[in-house]
Amino acid sequence: MGMMDTLKKSLTGEEADQADSDILDTLKQEHRDVAEMLEKLVESTSAAERKSLLNSIKNALVPHLRAEEKVVYDAVLALRGKDQHIHGEEGYLEHGLGDKMLAQLGGMKDAMSAEFSAGAKVLKELVEHHVEEEEKNIWSDIEDNFSDQDRIAMNKKFLAAKKRVRIPA
Ligand SMILES: [Fe+2]
Ligand SMILES: [Fe+2]
């Protein structure tokens with residue numbers, strides 16, 4: 001077996017394990033990864049590193065947001081409870097603020113400017129706040145209303161939906 005075949009095989013194996021996870025475990029890991037990158041972005045003292053981190057954050061965050069809306073929020077909204085409805089709508093609104101902040105940061109020429117530093121801090125705080133509420137409210141809605149099997153199925157849908165997301169330039 002050639003090196004590429006070995007690589008392909010191990011990647012497929014990893015993807016298969018990941019697909020059998022609970023959706024909430026996948027989301028938790030992605031939240032951690034983005035939090036770590038945002039921390040680095042705020043602390044970075046190099047323009048090139050900031051640009052590259054912003055790009056990595058966008059590539060990770062945008063598919064997460066879109067797939068989460070489709071697979072998780074829409075499932076919570078479909079429960080038709082009053083609280084669940086508010087949780088879903090709040091999630092959509094906060095995702096929209098995240099998109100806006102990402103676009104604004106992407107348009108800033110000088111990554112070492114005070115404006116960029118402030119924007120990076122705002123994005124980090126926004127995401128932290130959002131994740132905290134999401135892991136409390138949306139996750140209780142999921143835990144209370146969906147079986148282990150449902151959540152594995154949601155995870156598969158989430159991973160597939162992420163692959164179809166187009167990331168804005
Ligand atoms: Fe999330
Ligand atoms: Fe979210």
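For ligands, and for the atoms within them, numbers begin at 1 and follow the listed sequence.
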Salt bridge or not between R66 and D99? Use side-chain N to carboxylate O under 4.0 Å.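 Answer for the salt bridge query: yes.
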
Can you give me the OE1-the Fe ion (ligand 2)-OE1 angle for E68 and E134, to 10°?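 The OE1/OE1 angle about the Fe ion (ligand 2) sits at 90°.
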
Would one find an N, O or S atom of H130, in either backbone or side chain, under 2.8 Å from the Fe ion (ligand 1)?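 Coordinating: no.
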
Quick one: which of D33, L27, D25, T26 gives a side chain to side chain contact (heavy atoms under 4.5 Å, CB included) with Q29?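 Running side chain to side chain contact (heavy atoms under 4.5 Å, CB included) over D33, L27, D25, T26 with Q29 returns exactly one hit, D33.
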
Would you compute the distance between atom NE2 of H129 and atom CG of L97 and round it to the nearest 0.5 angstrom?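 Those atoms lie 9.5 Å apart.
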
Near the Fe ion (ligand 2), is there an N/O/S atom from H64 that is less than 2.8 Å away?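 Checking the Fe ion (ligand 2) against H64, no N, O or S atom falls under 2.8 Å.
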
Test log, rule salt bridge (charged side-chain N to carboxylate O under 4.0 Å, His left out), inputs E128 and K124: CA-CA 6 Å; E128 279 169 358; K124 178 174 172 279; 3.1 Å; yes

